[in-house]
Amino acid sequence: MKEELLQLHLQMLQDKIDAFQDRVEALSEDAKNDAKSSAGDKHETALSMMHIEQEKLSAKINEYVTQQQELLRIDISRKSEIIALGSLIQANDLWFFLSSALPKVNVNNLAIYSLSKFSPLGSLLLGKTIGDEVVVNNVKYKIQQVL
């Protein structure tokens with residue numbers, strides 16, 4: 001199940017990277033076309049706005065690439081009852097994948113929430129084991145399983 005979960009997340013990130021790269025390329029093409037037909041202050045402002053948007057998109061691409069690289073460092077074959085990066089955790093009948101902050105996915109009819117090790121819950125879960133409890137926002141999470 002962890003393999004399928006990891007692949008879903010990697011594909012999700014790749015889809016986002018591809019979409020943002022397409023937008024960057026479209027802006028570059030728009031800038032080239034605009035340069036052929038425009039001149040003056042209005043043209044310079046439009047080019048500047050396109051450049052700013054390209055920088056924002058590039059920052060998002062870098063963020064997703066970093067998340068991808070972090071996911072690729074996870075050894076999903078590692079078996080341990082101690083929670084670490086790559087652990088699949090059941091707590092309060094909820095499932096969490098300690099990996100990177102990504103949207104909820106469904107695998108084998110289970111809703112799985114992906115947590116960053118830097119998130120409030122993720123950081124508290126690190127190093128814990130079955131039976132341990134952590135409290136986040138006045139909610140107590142009791143660890144039931146670690147895969």
Legend entry - Stepwise side-chain contact (heavy atoms from CB on, under 4.5 Å) test for Leu13 and Leu102: CA-CA 9 Å; Leu13 287 169; Leu102 292 164; 3.7 Å; yes

Inset, instruction - Take Phe97 and Leu8 through the test side-chain contact (heavy atoms from CB on, under 4.5 Å) and record every step on the way to the result. - result: CA-CA 12 Å; Phe97 183 47; Leu8 272 170; over 6 Å; no

Inset, instruction - Evaluate the criterion side-chain contact (heavy atoms from CB on, under 4.5 Å) for residue pair Ile82 and Val146; output intermediate values, then yes/no. - result: CA-CA 7 Å; Ile82 298 171; Val146 178; over 6 Å; no

Legend entry - From CA spacing to verdict: side-chain contact (heavy atoms from CB on, under 4.5 Å), Glu53, Arg23: CA-CA 9 Å; Glu53 185 64 19; Arg23 289 174 57 191; 3.8 Å; yes

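If you take CG on Leu94 and CD1 on Ile112, they are separated by 11.5 Å, rounding to the nearest 0.5 Å. Atom CD of Gln90 and atom CG of Leu110 lie 8.0 Å apart (nearest 0.5 Å). One finds the CG atom of Leu115 at 10.0 Å from the CG atom of Leu126 (value rounded to the nearest 0.5 Å). The distance from the CD atom of Gln21 to the CD atom of Gln14 is 7.0 Å, given to the nearest 0.5 Å. Atoms NZ and CG, on Lys117 and Leu85 in that order, are 5.5 Å from each other to the nearest 0.5 Å. The structure places CD of Glu81 at 11.5 Å from CD1 of Ile143, a figure rounded to the nearest 0.5 Å.
In the hydrophobic clustering of this structure, Leu72 groups with Leu6; members are Ile, Leu, Val, Met, Phe, Trp, Tyr whose side-chain heavy atoms approach within less than 4.5 Å, directly or through other members. When the side chains of ILVMFWY residues are joined at heavy-atom separations under 4.5 Å, either directly or via intervening members, Leu98 and Phe96 end up in a single hydrophobic cluster. Linking Ile, Leu, Val, Met, Phe, Trp and Tyr whenever their side-chain heavy atoms come within less than 4.5 Å leaves Leu57 and Met49 in two separate clusters. Grouping the Ile, Leu, Val, Met, Phe, Trp and Tyr side chains by contacts below 4.5 angstrom, directly or via other members, places Leu5 with Trp95.
With hydrogens and angles left out, the side-chain atoms of His9 and Ser99 include no donor and acceptor closer than 3.5 Å. A donor-acceptor contact closer than 3.5 angstrom is absent between the side chains of Gln67 and Glu63. Side-chain atoms of Ser100 and Glu70 form no donor-acceptor pair, as typed in the model, at a separation below 3.5 Å.
The two residues Leu27 and Met50 have their closest heavy-atom pair at O-SD, 3.8 Å. Ser28 approaches Gln54 most closely through the heavy-atom pair OG-NE2, 2.7 Å. The nearest pair of heavy atoms linking Pro120 to Ser123 is O-OG, 3.1 Å. When every heavy atom of Ala84 is checked against every heavy atom of Arg78, the shortest pair comes out as CB-NH1, 3.2 Å. Between Val107 and Met1, the shortest heavy-atom distance links the atoms CG1-CG, 3.6 Å. Taking all atoms of both residues into account, the shortest heavy-atom contact from Lys104 to Ala111 is CD-CB, 3.8 Å.
By the 4.5 Å heavy-atom criterion applied to side chains, Thr129 and Ile83 are not counted as neighbours. Residues Asn108 and Glu4 form a side-chain contact, since some pair of their non-hydrogen atoms from C-beta on lies under 4.5 Å apart. Contact check for Gln144 versus Ile89: no side-chain heavy atoms found under the 4.5 Å cut-off. When side chains are defined from C-beta on, Leu125 does not count as touching Asp132, because their heavy atoms never get closer than 4.5 Å. Using a 4.5 Å heavy-atom threshold, the side chains of Leu121 and Tyr141 count as touching.
Between Tyr64 and Phe20, the gap from one ring centroid to the other is short of 6.0 Å.
Without hydrogens or angle criteria, Lys2 side chain to Gly86 main chain gives a donor-acceptor distance under 3.5 Å.
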